[in-house]
Amino acid sequence: MLNVAVGVGMNSAMDDMSLIPQAQRHHMVVREIGEEIDLEIGPGDDDPSFGNTSLIGAPLRESSAEEHGETRQRGLISQLPNDAQDMSKTQPGKRKKKVVKRWRDEWADTYKWAYVDMKDGTARIFCSVCREYGRKHRRNPYGNEGSRNMQMSALEEHNNSLLHKEALRLQMASKEKIIVDKPVHLKAVMSKTSGSILEATLKRDAHEVEFIQAVQEVVEALERVIAKNSLYINIMERLLEPERMIVFRVSWLDDRGETHVNRGFRVQFNQSMGPCRGGLRFHPSMNLSTAKFLGFEQTLKNALSPYKLGGAAGGSDFDPKGKSDNEIMRFCQSFMSEMYRYLGPDKDLPSEEMGVGTREMGYLFGQYRRLAGQFQGSFTGPRIFWSGSSLRPEATGYGLVFFAQLMLADMNKELKGLRCVVSGSGKIAMHVLEKLIAYGALPISVSDSRGYLVDEDGFDYMKISFLRDIKAQQRSLRDYSKTYSRSKYYDEAKPWNEQCDLAFACASQNEIDQSDAIQLVNSGCRILVEGSNMPCTPEAVQVLRKASVLVAPAMAAGAGGVVAGELELNHECSLMHWSPEDFESKLQEAMKQTYQRAIKAATDFGYKKESPEALVHGAVISAFLTIAQAMTDQGCV
């Protein structure tokens, strides 16, 4: 085991350069001397002490000729065994290069992805993205082939390799640290049978962090169900493996005629309840793990809704922000040229998700119609302009507010006058604001990827219209505060520290971490409504439960979109336009049924109705039992 030694008095510049330890086995040593950083160069591959000494890591930069001339001798005496120390006194010491602190930014990026591991009995400096060590890509321009200096120098050139660039792009796009550095939060009291399911998932899909987190939450909720009937273990193992996963290349031309390549995904998770239904997400962070997690959540959400459908999800790492309409059209047509063969009224029903609105769905549907040669209703987004329900875009946001109202009604309370915090500024968040105003509540915030906006006077319909104009013009929410002086925009912050009674998380997954949850509790929040899928990290969930904050899970509260989609596909509905009143009435009834099913399942398995985990566990239990029955009836397929 290599030991970590950190020099005293490290300043903020050095903190930014700190290397990521991996599995308690990847360590580098950094020392500070005055205003300079010492990079110690140890023995090469031919030295037997190489595998037993600590590797020294520090940011490099291209040295000038003058710096090359200022090198001096100094041995690694303190790092070597006693025998080696004796030898070092008689042999010329290894040379050490001094490098000033103003190291290049490229090196900081390099070493964030570096770690030390043993390879064929020898310690190597590896790239944490593609798991290759430096000599696999470049020969060292500064030292001999096997030296540590060679490995560290080669990592800089290794950044130019296509393999590394692709892996790094995907990692940076997801804004996540290296997967192995992100711990999987396991519940301590998890039963042996439940733990075996999660253990098998970890072994098979170790690098799919989002999917593992979703599986963990579901398995935790099903502990009592599995303990009551061990046959469900086999059902769960089958359910956790998607029926099919489709990954494909999407090539498209921008307005300058340059070619771009993105990656497309579609995970058709489970069709035991009917044809698949699920969203398409266009976002740089999109990957297979996210597609699997969204498909899994959608499968359970659809099973919980009054209308039984299978679950799917997909999308691309394409970013529609900053693209022209023609560029988005060309991308959508290229995407659908591969995707269309897996879609159809009895196969898969794609819908809108993050980064995919009416414009994108219209382009996708047009290409599908051209290739498939039919106009059957397999897309639920664009049909609102041609036929179908009149409130399809509002369904999910309105459904969240209806669900919150049902929870408050059980507590003999109502939304009127309550202070509400909302995250996100997409269509779901905007429609949540609309319906909160209609119920007399006081919504005070929205957010985007750069910060959040708070208006102490609360939003009204005119202000919401102004917010929509800002978003349509791709301007910053900061521009809102220039018009309304009582509002303020906070950079690089989240709205969870604002005083509130209810919170609506409508941005993205894992937007609420442990510190955010603590702020939310301290701000007086009593109910959290999940508008996005899996908005809380496992640590945040524990904080909220200990504080007895009631959580409306996205699986149940977000079922409004499923209801609206099914109403659109209903033949009778397709021949007429629903009035807003009729549609809201049907949506409210469907949300009430979903709420009651979740509460009943929770109480059937011993959870008290007022407990903070009742709705979360009840929704999972009800959905799983429905799917399990269908899978059992259909046999092992």
Side-chain angles (χ1 to χ4, degrees), residues 250-256 260 262-266 277-286 294 313-340 343 348-372 375-397 424-432 434 446 448-449 464-477 506-508 531-532 560-561 564-565 568-569 577:
V250 185
S251 303
W252 57 281
L253 294 174
D254 63 19
D255 290 339
R256 295 174 298 180
H260 298 268
N262 288 94
R263 187 171 291 172
F265 307 91
R266 189 64 176 176
R277 162 77 190 283
L280 291 174
R281 173 181 292 191
F282 291 168
H283 193 271
S285 66
M286 190 65 187
L294 292 173
S316 174
D317 56 0
F318 170 78
D319 187 0
K321 290 183 179 179
K323 306 294 192 302
S324 69
D325 286 351
N326 283 333
E327 288 175 331
I328 292 174
M329 180 183 70
R330 285 192 289 269
F331 172 83
C332 290
Q333 290 175 345
S334 179
F335 181 92
M336 188 51 62
S337 294
E338 174 63 27
M339 196 68 234
Y340 85 97
L343 305 180
D348 195 351
L349 313 172
S351 58
E352 300 174 11
E353 230 264 8
M354 183 188 301
V356 178
T358 303
R359 173 185 58 179
E360 288 78 10
M361 289 300 291
Y363 293 150
L364 290 167
F365 183 80
Q367 183 72 352
Y368 170 80
R369 179 183 59 78
R370 182 208 294 186
L371 296 173
F375 194 94
Q376 290 180 272
S378 58
F379 284 38
T380 58
R383 298 187 67 229
I384 56 173
F385 292 109
W386 311 316
S387 62
S389 55
S390 58
L391 287 178
R392 171 66 181 87
E394 292 89 342
T396 303
S425 53
K427 58 180 180 293
I428 294 178
M430 290 298 158
H431 295 138
V432 166
E434 280 184 3
V446 289
D448 57 20
S449 58
I464 292 176
S465 177
F466 183 52
L467 283 173
R468 284 202 172 100
D469 290 341
I470 290 175
K471 297 298 292 184
Q473 297 168 20
Q474 298 185 359
R475 293 156 55 196
S476 170
L477 291 176
C506 305
S508 63
S532 57
E568 278 186 358
L569 296 172
H577 281 278

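Keep in mind the model is a prediction, meaning the values are calculated, not measured.
With a 4.5 Å cut-off on side-chain heavy atoms, T358 and E352 count as touching. Taking 4.5 Å as the limit, every side-chain heavy atom of K323 sits out of range of all side-chain heavy atoms of D255. Under the 4.5 Å side-chain criterion, counting only non-hydrogen atoms from C-beta, T396 is not in contact with K427. Put simply, the side chain of L364 does not reach to within 4.5 Å of the side chain of P350, judged on heavy atoms.
Residues A429 and G424 share a closest heavy-atom pair of CB-O, 3.4 Å. Across every non-hydrogen atom of L477 and K471, the tightest pair is CD2-CD, 4.1 Å. Across M286 and F265, no two heavy atoms sit closer than the pair O-CE1, 3.8 Å. Scanning all heavy atoms of the two residues, the minimum distance from P320 to I328 falls at O-CD1, 3.9 Å. Of all the heavy atoms in V446 and S425, the pair that sits closest is CB-CB, 4.4 Å. Heavy atoms only, all atoms of each residue included: R266 and G278 are closest at NH2-O, 3.2 Å.
Scanning for salt bridge (Lys or Arg N to Asp or Glu O under 4.0 Å) contacts around R475 gives D479, with sequence neighbours left out. For F335, the ring pair (Phe, Tyr, Trp, His ring centres under 6.0 Å) partners at least two apart in sequence or on another chain are F248, F282.
More than 12 heavy atoms of other residues, nucleotides or ligands lie within 6.0 Å of CZ in R468, so this atom counts as buried by the packing criterion.
The side chain to side chain contact (heavy atoms under 4.5 Å, CB included) with Y363 is formed by just one residue from the set E360, M361, R359; it is R359.
With hydrogens and angles left out, the side-chain atoms of N262 and S316 include no donor and acceptor closer than 3.5 Å.
To the nearest 0.5 Å, atom CE of residue M354 and atom CG of residue L294 are 8.5 Å apart. Atom CE of M430 and atom CG of L467 lie 4.5 Å apart (nearest 0.5 Å). Interatomic distance, S285 OG to D319 CG, rounded to the nearest 0.5 Å: 9.5 Å. The distance from the CD atom of E338 to the OG atom of S251 is 11.0 Å, given to the nearest 0.5 Å. For the atom pair D325 CG and R330 CZ, the distance stands at 10.5 Å (nearest 0.5 Å). The NZ atom of K321 sits 4.5 Å away from atom OG of S449, with the distance rounded to the nearest 0.5 Å.
The aromatic rings of F318 and W252 sit perpendicular, their planes meeting at an angle over 60°, well past the 30° parallel limit.
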